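As structure tokens, the structure follows; a few thoughts come after it.
No hydrogens, no waters, no symmetry mates; every other heavy atom, side chains included, goes into these values. Position 1 is the first residue of the sequence, and the numbers go up from there. Keep in mind it's a predicted model, so treat the numbers as computed, not measured.
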Amino acid sequence: MKTLTHEEHLAQIKKNKKSDKVATTILSIIVAFISLVLVSVIVYIVARGLPYLSWDFITKNPESFKAGGGIGPQIFNSFYLLFLTMLISIPLSLGGAIYLTQYAPQNALTGFVKLAIETLSSLPSIVVGLFGYLFFVIKFGWGFSILSGSIALTMFNLPIMVRVIQQSLEAVPAYQRDAGLALGLTRWETTIHILIPEALAGIITGIILCAGRVFGEAAALIYTSGQSAPEIDLLNFNLTDPSSAWNIMRPAETLAVHIWKVNSEGVIPDVDIVSAGTAAFLMICVLLFNVAARAVGASIQKKVTAK
């Protein structure tokens, strides 16, 4: 191996610093460009629709053929579908992630399951929607309903949530897991009392981010929950009444589907106002999901680490 002289060594350091500076500059430019594009899109959508957001707009029922409609039912439908989806997704994804990290043997079958999860997490939502249409809407006879939509969204969301929770559990240092087992705890007790509390910040952050992703989904719901938003009664708790807001067998048009519908049909005179206002409201909600994820994650991490 050739020994470098002092001058050659200094020249090599200078060259490395120059290469590092060039690489850092290029990466900074790329990050700045991507950030500028994202911020521009967000600002454009919010600024374009914010003037149309009012209490009247977000509480009124939509109009089919005349101007002046609102998005009240669509807002409720979006949050109701999100609630039901997360109600199904969280226990299933948490159980699946715990099994894969703590109990699953390291064999070909486990590897195949992990590969399937990775593959399904990148599946286009339109494919999930068509699958839900064939099975839940037609085969099971549920029709266009909140139930069909929430199950389809669960299928769409489950692989990603399993992967997020799995990564959070795997990020816990192995010595903490081993210490619990060495103290006589069972594997289940170690998971409940050591792994989950330590990974809780990452788990909750991932869940909230997945919720924001589901909240803005449209393609999977067009074929499952439907494109109509009949007038609903929030005080009607008869779950078999089509006018009851809590009836899971009624069709439910969400905010994202509403944007697609009013622009594709172009029937109402104020289609630009309705779509811009709806898009701004949807964007604000998704931004709040992301801000909440960071705030909750940081708060839990602070409590766990006592920093």
**Study point:** Contacts of Ser54 that satisfy side-chain hydrogen bond (donor to acceptor under 3.5 Å, both in side chains) - sequence neighbours left out
**Key:** none

Check your understanding: Given the side-chain rings of Trp142 and Phe135, with only the six-membered ring counted for Trp, is the space between their centroids under 6.0 Å?
Key -> no

Exercise for review: Please report the shortest heavy-atom distance between Ile165 and Ala97, naming the atom on each side.
Suggested key: CG2-CB, 3.5 Å

**Study point:** Reported CG-to-OG distance for the pair Asn157 and Ser125, which is rounded to 0.5 angstrom
**Key:** 12.0 Å

Point to revise | Stepwise side-chain contact (heavy atoms from CB on, under 4.5 Å) check, Val164 with Ile203 | key: CA-CA 7 Å; Val164 167; Ile203 292 173; over 6 Å; no

Review point. Can you find a heavy atom in the side chain of His258 that is under 4.5 Å from one in the side chain of Ile71?
Key: yes

Point to revise | Any residue meeting side-chain hydrogen bond (donor to acceptor under 3.5 Å, both in side chains) with Ser148, in chain and number order, not counting sequence neighbours | key: Ser145

Practice item. Could you please spell out the steps behind the side-chain contact (heavy atoms from CB on, under 4.5 Å) verdict for Ser150 and Ile248? Key: CA-CA 9 Å; Ser150 60; Ile248 62 173; over 6 Å; no

Practice item. To the nearest 0.5 angstrom, please state how far the OG1 atom of Thr190 sits from the CG atom of Leu181. Key: 4.0 Å

Check your understanding: Would you say the side chains of Glu253 and Gln227 form a donor-acceptor pair under 3.5 Å?
Key -> no

Review point. Is there a side-chain contact between Leu53 and Leu50 (heavy atoms, below 4.5 Å)?
Key: yes

Exercise for review: Measure across Ala152 and Phe136 and return the closest heavy-atom pair with its distance rounded to 0.1 Å.
Suggested key: N-CE1, 4.1 Å

Review point. Taking only residues at least two apart or on different chains, which pairs with a member in residues 86-121 satisfy ring-ring contact (aromatic ring centres under 6.0 Å, His included)?
Key: none

Practice item. Decide whether Val162 and Ile88 are clustered together by the hydrophobic rule: side chain heavy atoms of Ile, Leu, Val, Met, Phe, Trp, Tyr closer than 4.5 Å, transitively. Key: yes

Point to revise | Side chains of Trp260 and Ile222 in contact at under 4.5 Å (non-hydrogen atoms) | key: yes

Check your understanding: So how far is it from Arg250 CZ to Asp241 CG, rounded to the nearest 0.5 Å?
Key -> 10.5 Å

Review point. Can you name the ring pair (Phe, Tyr, Trp, His ring centres under 6.0 Å) partners of Tyr223, sequence neighbours left out?
Key: none

**Study point:** Ser244 (side chain) donor-acceptor with Thr240 (main chain) under 3.5 angstrom
**Key:** no

Check your understanding: Can you find a heavy atom in the side chain of Ile146 that is under 4.5 Å from one in the side chain of Met249?
Key -> no

Check your understanding: How would you list all residue pairs meeting salt bridge (charged side-chain N to carboxylate O under 4.0 Å, His left out) that involve residues 204-219, not counting sequence neighbours?
Key -> none

Exercise for review: Heavy atoms only: give me the nearest Ala280-Ile45 pair and the separation to one decimal.
Suggested key: CB-O, 3.8 Å

Review point. What about Ile126 and Leu255, same hydrophobic cluster or not, with Ile/Leu/Val/Met/Phe/Trp/Tyr joined at side-chain heavy-atom distances under 4.5 Å?
Key: yes

**Study point:** Connected via hydrophobic side-chain network under 4.5 Å: Leu288 and Phe281
**Key:** yes

Exercise for review: Report the distance from atom OG of Ser78 to atom CZ of Phe83, rounding to the nearest 0.5 Å.
Suggested key: 15.0 Å

Practice item. Not counting sequence neighbours, which residues clear salt bridge (Lys or Arg N to Asp or Glu O under 4.0 Å) with Arg163? List them please. Key: Glu118

Check your understanding: What's the shortest heavy-atom distance between Lys66 and Asp270, and which atoms?
Key -> O-OD1, 4.4 Å

Exercise for review: Please test Lys114 against Gln166 for side-chain contact (heavy atoms from CB on, under 4.5 Å), starting from the C-alpha separation and ending with a verdict.
Suggested key: CA-CA 10 Å; Lys114 291 182 178 180; Gln166 183 184 346; 3.7 Å; yes

Check your understanding: OG1 of Thr101 to CG of Leu169: how many Å apart, nearest 0.5 Å?
Key -> 4.5 Å

Check your understanding: Should Leu153 and Leu130 be regarded as members of a common hydrophobic cluster, given that ILVMFWY residues are connected when their side-chain heavy atoms come within less than 4.5 Å of each other, either directly or indirectly?
Key -> yes

Practice item. May I ask you to check whether over 12 heavy atoms, not counting those of Tyr44, lie within 6.0 Å of atom OH? Key: no

Review point. So, Thr110 versus Asn107: side-chain donor-acceptor pair below 3.5 Å or not?
Key: yes

Exercise for review: May I ask you to decide if Thr186's main-chain N or O and Glu189's side chain share a donor-acceptor pair within less than 3.5 Å?
Suggested key: yes

Point to revise | Shortest non-hydrogen contact from Pro159 toward Leu120 | key: CG-CB, 3.6 Å

Check your understanding: With side chains defined as the heavy atoms from C-beta onward, is the minimum distance between Met161 and Ile90 less than 4.5 Å?
Key -> yes

Practice item. Please check if the side chain of Asn236 supplies one atom and the backbone of Ile232 the other of a donor-acceptor pair under 3.5 Å. Key: no

**Study point:** Check: Thr278 side chain, Ser275 main-chain N or O, donor-acceptor pair, under 3.5 Å
**Key:** no

Review point. What pair of heavy atoms forms the shortest contact from Gln74 to Gly70, and how long is it?
Key: OE1-O, 4.1 Å

Check your understanding: How about Phe76: does its CZ atom have over 12 heavy atoms from other parts shown lying under 6.0 Å from it?
Key -> yes

Review point. Cluster question for you: counting only ILVMFWY and a side-chain heavy-atom cut-off of under 4.5 Å, with indirect links fine, are Leu221 and Ile75 together?
Key: yes

Review point. Could you go step by step and tell me if Val214 and Cys210 meet the side-chain contact (heavy atoms from CB on, under 4.5 Å) rule?
Key: CA-CA 6 Å; Val214 167; Cys210 288; 5.5 Å; no

Revision key, fill the gap. Here the gap from Ile273 atom CD1 to Ile268 atom CD1, rounded to the nearest 0.5 Å, amounts to 9.0 Å

Check your understanding: Does the separation of the ring centres of Phe215 and Phe79 fall below 6.0 angstrom?
Key -> yes

